[in-house]
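Just so it is clear, the values below take in all heavy atoms, side chains as well, and ignore hydrogens, waters and symmetry mates. The first residue in the sequence is number 1, and the count goes up from there. All of these numbers come straight from a predicted model, not from anything done at the bench.
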Amino acid sequence: MSAAVAVGQRVLRTEAEALKAMADSLGEPFARAVETLANLSGRVICTGVGKSGHVARKIAATLASTGRPAMFVHATEASHGDLGMIGPDDAVLALSKSGETRELADVIAFAKRFGAPLIGMTARADSALGSQSDILLLLPDAPEATGQVDAPTTSTTLQIALGDALAVALLERAGFTAQDFRVFHPGGKLGAMLRTVGDLMHGADELPLVGVYQPMDQALLVMSEKRFGAVGVVDAGGSLVGLITDGDLRRHMDGLLTYAAGEVMTRDPRTVEPTTLAAEALKLMNEARITVLFAVREGRPVGILHVHDLLRAGVM
């Protein structure tokens, strides 16, 4: 084993042990913090300086993306006007390993003056931040992974993990769903996976549909015109009752034009709701080895989705 690998393993084990210690010690203050933030009418103001500031910015982004309005305010800039970003309905989440970061003094004083709940995340309960916090999220007294250098490593890992724990507890408490998450993530691969069938499907004007008793020569014309490689079959009430694909055509090749659509179709085809996630539709297509899905509402077709639509949207 190389020396670099040994160092890497030591660092990871050091931080993993600290994470386990924090998980084991998590208790009533964490529950109070979740309850306070869940009932907040304003935003969560995340603040810190240095590495703790970077972590605070990340926590604010995570909270905002999971439905809890939040923003980052740099503690130094707060003393030069940015305190105005903190409103009377907000709560302050302040991060500092030592709890003695002097740049936090004005933020702490401002929170206490205007009654904004102050949640401190620090490793020292007897520090300025620890003693002034309304809710103290105490980090374990764990060594940094850098040994004698004492650079922020384990402590920032703990801060990030504790921020994630807050965000997940809040989203689960609020019943935050993948559909809600999609609203805040419209771009990129994640956004594509969280789009719905309704976002990607072709609408009513493009639907390839025929009636149960229509002759197959008419069904073939519709299939060719709409270019989805399939045609849906509806009953007199407009409900989708079957689907005709290339496979159905091959199975009825002898005397094909003598049949009606209802005699050739595969009954009860797989369908989805327009609200179904695109990723779920893709999974269904892969499992059933099909390339097209009708979207239905109360049994009636309202759209059609081809696997190529998913490819173009980046869902694959």
Visitor: Considering non-hydrogen atoms only, spot the tightest contact between S98 and T122 and give its length.
Guide: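 Residues S98 and T122, closest heavy atoms: C-OG1, 3.6 Å.
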Visitor: In Å, rounded to the nearest 0.5 Å, how long is the span from CG of L200 to CZ of R195?
Guide: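 If I round to the nearest 0.5 Å, the distance is 4.5 Å.
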Visitor: Just verifying a value: how many Å separate L207 CG and F294 CZ, rounded to the nearest 0.5 Å?
Guide: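 These two atoms lie 6.0 Å from each other.
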Visitor: For E17, check side chain to side chain donor-acceptor pair (under 3.5 Å) against everything at least two apart and list the hits.
Guide: none
Visitor: For the residue pair V34 and L170, what are the closest heavy atoms and their distance?
Guide: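 Residues V34 and L170, closest heavy atoms: O-CD2, 3.4 Å.
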Visitor: Shortest non-hydrogen contact from T14 to A145?
Guide: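 So the minimum-distance heavy-atom pair works out to CG2-CA, 4.2 Å.
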Visitor: Are the side chains of L293 and M285 in touch, meaning some heavy atoms are under 4.5 Å apart?
Guide: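 Contact flag for L293/M285 side chains = yes.
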Visitor: Is the closest side-chain heavy-atom distance between P29 and L138 below 4.5 Å?
Guide: no
Visitor: When you compare the side chain of D134 with that of K112, does any pair of heavy atoms fall below 4.5 Å?
Guide: yes
Visitor: Other than M71, which residues form its hydrophobic cluster under the rule that side-chain heavy atoms must be closer than 4.5 Å?
Guide: I45, V73, L83, M85, I86, V92, L104, V107, I108, F110, F114, L118, L129
Visitor: Would you please test V197 and E273 for side chain to side chain contact (heavy atoms under 4.5 Å, CB included) and show each step?
Guide: CA-CA 7 Å; V197 169; E273 296 281 340; over 6 Å; no
Visitor: Please lay out, stage by stage, how D164 and K58 fare under the test salt bridge (Lys or Arg N to Asp or Glu O under 4.0 Å).
Guide: CA-CA 10 Å; D164 288 343; K58 187 270 180 190; 2.5 Å; yes
Visitor: Would you call R250-D246 a salt bridge at under 4.0 Å N-O?
Guide: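 Judged by the 4.0 Å cut-off on N to carboxylate O distance, R250 and D246 do not form a salt bridge.
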Visitor: Write down the atom of S127, the atom of G99, and the distance for their closest heavy-atom approach.
Guide: OG-CA, 3.4 Å
Visitor: Between atom NZ of K51 and atom NZ of K97, what is the distance when rounded to the nearest 0.5 Å?
Guide: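 Result: 12.5 Å between the selected atoms.
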Visitor: Listing request: all ring pair (Phe, Tyr, Trp, His ring centres under 6.0 Å) pairs with a residue in residues 31-67, at least two apart in sequence or in separate chains.
Guide: none
Visitor: Distance from H74 atom NE2 to H80 atom NE2, nearest 0.5 Å?
Guide: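 So the gap between those two atoms works out to 10.5 Å.
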Visitor: Report the distance from atom CD1 of I59 to atom OG1 of T47, rounding to the nearest 0.5 Å.
Guide: 11.5 Å
Visitor: Rounded to the nearest 0.5 Å, what separates atom CD in Q159 from atom CG in L93?
Guide: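 Spacing of CD (Q159) from CG (L93) equals 9.5 Å.
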Visitor: Between E15 and T153, what is the shortest heavy-atom contact and its length?
Guide: OE2-C, 3.4 Å
Visitor: Do L305 and L282 sit in one hydrophobic cluster, given that two such residues count as connected whenever their side-chain heavy atoms are within less than 4.5 Å of each other, even indirectly?
Guide: yes
Visitor: Can you give me the closest heavy-atom contact between A123 and P140, atom names plus distance?
Guide: CB-O, 4.4 Å
Visitor: Apart from M253 itself, what residues make up its hydrophobic cluster, given side-chain heavy atom links below 4.5 Å?
Guide: none
Visitor: Show the numbers, then the answer: is there a side chain to side chain contact (heavy atoms under 4.5 Å, CB included) between H202 and K226?
Guide: CA-CA 11 Å; H202 301 266; K226 298 297 185 179; over 6 Å; no
Visitor: Could you tell me which residues satisfy ring-ring contact (aromatic ring centres under 6.0 Å, His included) with H306, sequence neighbours excluded, listed by chain and number?
Guide: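 If we apply the ring-ring contact (aromatic ring centres under 6.0 Å, His included) test to H306, skipping adjacent residues, the hits are H308.
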Visitor: Hey, what else clusters with Y213 if you join Ile, Leu, Val, Met, Phe, Trp, Tyr whenever side-chain heavy atoms sit under 4.5 Å?
Guide: V210, V212, M216, L220, V222, M223, V231, V233, V241, I244, L249, L256, L257, Y259, V264, M265
Visitor: Considering residues, nucleotides and ligands other than D141, do more than 12 of their heavy atoms fall under 6.0 Å from its CG?
Guide: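 No, because the 6.0 Å sphere around CG of D141 holds 12 heavy atoms or fewer from other groups.
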